[in-house]
Amino acid sequence: MPEGPSIVILKEQVQKFKGKKILEVSGNTKVDLVGAGVAGSKVLDFKSWGKHFLIVLKGRAIRIHFLLFGSYSLDEQTKPRPRVHLHFKNGDLFLYACSVKLLEGDIDTHYDWTADVMNDTWDPRKARKKLKDKPDELAADALLDQDIFAGVGNIIKNEVLFRIRVHPESQIGALPPRKLSELIREARNYSFDFLEWKKAFELRKHWLAHAKSICPRDNVPFVKVKHLGKRKRRAFFCPKCQKLYIL
DNA sequence: CCGGTTGTTCAGCG
DNA sequence: GCGCTGAACAACCG
């Protein structure tokens, strides 16, 4: 369920609850939403920041993070033990196996929207500046850094690196300026491709590197690393066409 | 039954 | 306080 584009889809799907009053709240979250008086308040907006799904109320927001296994359903409860269940006059929102937090105060004080690769205000120059401060960082780790590329997950990471022909263990500081620009540009571009493919239920079909075994460019077997970089995530890359840049 | 995963946080240590 | 490591958590699939 994770990765930024999936959250953007969720945000679109719950639009019918925007402006509506939460009539009832329940679920097994440890956050005391009932005691906090969430029932009775109106949803002012739904927002997303990277992989965070935000239910904005007056003066506060419920922050949902689906981690690896989280999921949701609309109107029908499809799984046992919802973490959060919001009941509206015109339907229901069920959130399962997610992390829940209550953010107090203006939502804008909690988030830098320009760091979200899917956001209208995404600022590639800021990303570049942050990357400049981490020359030793591996390209694979940098792409997963939510302070720089909020919303990018492991699939997007692998696909972006394949697209721009960069080895995941390349160091950021060793990338030629043009390559660095490509990395930043494709982190956003691929996220929007991901969004469209996911909406069409054909995401996997478009994977060129992630979970694949042969490079579609030159038929060479992909290298598969189980725990690559400091974030120790799965990596798939072509030893032939993805260049290793080292300082 | 076991191993693996589109992710993050926190305790424990040096 | 920092950086690193491993554990913990969660649900489902093959």
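We name chains A, B, ... by the order of the sequence lines, and we start the count at 1 in each one.
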Aromatic plane relationship, Trp197(A) with His206(A) - under 30° parallel, 30 to 60° tilted, over 60° perpendicular = parallel
query = Can you tell me if Arg128(A) and Ser181(A) form a side-chain donor-acceptor pair at under 3.5 Å?
reply = yes
query = Which residue pairs satisfy the ring-ring contact (aromatic ring centres under 6.0 Å, His included) criterion with at least one member in residues 20-46 of chain A, sequence neighbours excluded?
reply = Phe46(A)-Phe53(A)
task = Please work out which residues in residues 147-166 of chain A have a non-hydrogen atom less than 4.0 Å from an atom of DNA chain B and list them by number.
result = Gly153(A), Asn154(A), Ile155(A)
ask   = With the threshold set at 4.0 Å, does a side-chain nitrogen-carboxylate oxygen contact exist between Lys134(A) and Asp141(A)?
value = no
request  = Considering only NZ, NE, NH1 and NH2 on the basic side and carboxylate oxygens on the acidic side, decide whether Asp45(A) and Lys18(A) come within less than 4.0 Å.
outcome  = yes
With Trp113(A), the side chain to side chain donor-acceptor pair (under 3.5 Å) member among Asp120(A), Asp108(A), Asp123(A) = Asp108(A)
SB check Asp106(A) Arg60(A) (cutoff 4.0 Å) = no
query = Rounded to the nearest Å, what distance is computed from the CD1 atom of residue Ile64(A) to the P atom of nucleotide dT9(B)?
reply = 14 Å
query = What's the NZ-C1' distance between Lys199(A) and dT6(B), to the nearest Å?
reply = 18 Å
key: Check: Thr78(A)/Tyr72(A) side-chain N/O donor and acceptor closer than 3.5 Å   = no
message = Ring centroids only, cut at 6.0 angstrom: are Phe162(A) and His210(A) within range, meaning strictly under it?
response = no
remark   = Heavy-atom nearest pair, Lys212(A) first then Phe222(A), reads O-CD1, 3.6 Å
query = Which residues in residues 184-193 of chain A have at least one heavy atom lying under 4.0 Å from any atom of DNA chain B?
reply = none
ask   = What nucleic acid atoms does Arg204(A) come within less than 4.0 Å of, heavy atoms only: base, sugar-phosphate, or nothing?
value = base
ask   = So, do Phe237(A) and His167(A) have ring centers that fall under 6.0 Å from each other?
value = yes
query = With a non-hydrogen cut-off below 4.0 angstrom, is Lys101(A) in contact with a base, only sugar-phosphate, or nothing?
reply = nothing
query = Does OP1 or OP2 of dG4(B) have a side-chain N or O of Arg234(A) closer than 4.0 Å?
reply = no
inquiry  = Rounding to an integer number of Å, can you tell me how far Leu95(A) CG sits from dG7(B) C1'?
reply    = 17 Å
remark   = Outer limits of DNA chain C sitting under 4.0 Å from a non-hydrogen atom of chain A, read 5' to 3', are dT5(C) to dC12(C)
request  = Would you write the dot-bracket representation of DNA chain B, where each base gets (, ), [, ], | or . depending on whether it forms a Watson-Crick or G-U pair under 3.5 Å and with which partner?
outcome  = .||||.||||||||
request  = To the nearest Å, give me how far apart NE2 (His65(A)) and C1' (dG7(B)) are.
outcome  = 6 Å
request  = Determine the Euclidean distance between corresponding P atoms of dG6(C) and dG4(B); express it in Å to zero decimal places.
outcome  = 16 Å
task = Taking atom P in both dA11(B) and dG1(C), compute the distance separating them and give it to the nearest angstrom.
result = 14 Å
request  = Would you mind reading off the distance between Arg63(A) atom CZ and dG7(B) atom P, rounded to a whole angstrom?
outcome  = 15 Å
message = Check the phosphate of dT6(B) against Lys51(A), side-chain N and O only, distance under 4.0 Å to OP1 or OP2. Yes or no?
response = no
query = Separation of Leu67(A) atom CG from dT5(B) atom C1', in whole Å?
reply = 13 Å
Separation between the C1' atoms of dC4(C) and dT6(B), rounded to whole Å = 25 Å
Let me have the donor-acceptor pairs involving side chains of residues 24-34 of chain A, under 3.5 Å, with sequence neighbours excluded, atom names and distances please.
residue: Asn28(A); atom: OD1; partner: Arg83(A); partner atom: NH1; Å: 3.1
residue: Thr29(A); atom: OG1; partner: Val31(A); partner atom: N; Å: 3.0
residue: Asp32(A); atom: OD1; partner: Gly35(A); partner atom: N; Å: 2.8

Residue-phosphate contact under 4.0 Å: Arg233(A) side-chain N/O, dT6(B) OP1/OP2 = yes
ask   = Tell me: NZ of Lys230(A) to P of dT9(B), nearest whole Å?
value = 14 Å
query = Considering all heavy atoms of both residues, which atom of Ile7(A) and which atom of Ser48(A) are nearest to each other, and what is their separation?
reply = CG2-CB, 3.6 Å
key: Salt-bridge criterion met for Glu12(A) and Lys199(A) (N-O under 4.0 Å)   = yes
inquiry  = Side-chain N or O of His210(A) versus OP1/OP2 of dT6(B): is the shortest distance under 4.0 Å?
reply    = yes
task = Write down the distance between CH2 (Trp207(A)) and P (dT6(B)), rounded to a whole number of angstrom.
result = 8 Å
note = Shortest non-hydrogen pair, Gln146(A) vs Val152(A), comes out as NE2-O, 2.9 Å
